[in-house]
Structure formats: C-alpha cells, structure tokens
Amino acid sequence: MKLGRLLSCSIAAFFPQAGRAALEPVGSSDRWIDYPVHPTGWGQPEISVAGLLVPWIVTIGVLGFLAAWLVAAILERTGLARHVWHLPLCFLALVILFSSLIGAVFFP
C-alpha cells in the first residue's frame, strides 16, 4: 500500500471529506475546506498561493512592512533619519500605520 493512500485513509477516518480531497490533485477547483460566505461577500479569510492558504492579515502585514521599509530607506537616503529620535521605533510605528491604512482601504 502506498504511503499516500495510507495517509488519505487515516485522515478520512476523522474527516470524511478529506479522504476524497486527498486523492485529488493539488489545485483542483473544489476544496473540502468550505467557509460560509458572509452576506457582505467577505467569506474567504485566505488567499490561495500555489495551493498554500495564506491569511489576509499576513498579506496586509507584508505590504505594510514593505511600505515602511521604503519610507525608512528614503528617510535614510535623504538624511532626514537623523531627525528621528529612535529609528527602529519609528519603523515599527510606520509598519503599524501602513498596515492599518492598507487594511482599511481593502477591508473597510
């Protein structure tokens, strides 16, 4: 017996839908993880990246981090960073600010 069939049978003992989904190829359109859709349309809490489910908060956090990194790099390049009392603390505040703004724009 192949290991894949053994794992799918053992998972299927606890989750009946998983046994069927484990035998399907990755990337099939019907997943056994089915979240109820909220009336506003914001039902899926994750996005699928190459079969890996990534929470939206991680995506927003990464975008906020990259935006804060860009602003900190511009501050250092122009010499304005010397006017900031504690640059790592300012960077953390920028990450929180940009993550909040991006989250407010995409998920009001």
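If you're wondering where the values come from, they're calculated on a predicted model, not measured in any experiment.
Following chains of ILVMFWY side-chain contacts shorter than 4.5 Å, one can reach Val54 starting from Ile102, so the two form part of one hydrophobic cluster. Cluster membership check: Val95 shares its hydrophobic cluster with Val62, using side-chain heavy-atom separations under 4.5 Å among Ile, Leu, Val, Met, Phe, Trp and Tyr. Using a 4.5 Å cut-off between side-chain heavy atoms of Ile, Leu, Val, Met, Phe, Trp and Tyr, with links allowed through other members, Leu89 and Leu94 fall into different hydrophobic clusters. In the hydrophobic cluster analysis, where Ile, Leu, Val, Met, Phe, Trp and Tyr join through side-chain heavy atoms closer than 4.5 angstrom, Leu52 is grouped together with Ile60. Taking hydrophobic clusters as Ile, Leu, Val, Met, Phe, Trp and Tyr residues chained together by side-chain heavy-atom distances below 4.5 Å, Leu92 does not share a cluster with Leu66.
Under the side chain to side chain contact (heavy atoms under 4.5 Å, CB included) criterion, His83 pairs with Leu80, not counting sequence neighbours.
The 12-atom threshold is not exceeded at CD1 of Ile57, counting heavy atoms of other residues, nucleotides or ligands nearer than 6.0 Å.
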- Item | Stepwise side-chain contact (heavy atoms from CB on, under 4.5 Å) check, Trp69 with Phe91 | CA-CA 7 Å; Trp69 193 0; Phe91 178 75; 4.1 Å; yes

- Task: Give the intermediate values and the outcome of side-chain contact (heavy atoms from CB on, under 4.5 Å) for residues Val71 and Phe98.
- Result: CA-CA 10 Å; Val71 168; Phe98 287 132; 3.7 Å; yes

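Annotation: side chain of Pro55 is not in contact with side chain of Thr59 (no heavy-atom distance under 4.5 Å).
Heavy-atom minimum distance, Gly64 versus Ser99: CA-OG, 3.6 Å.
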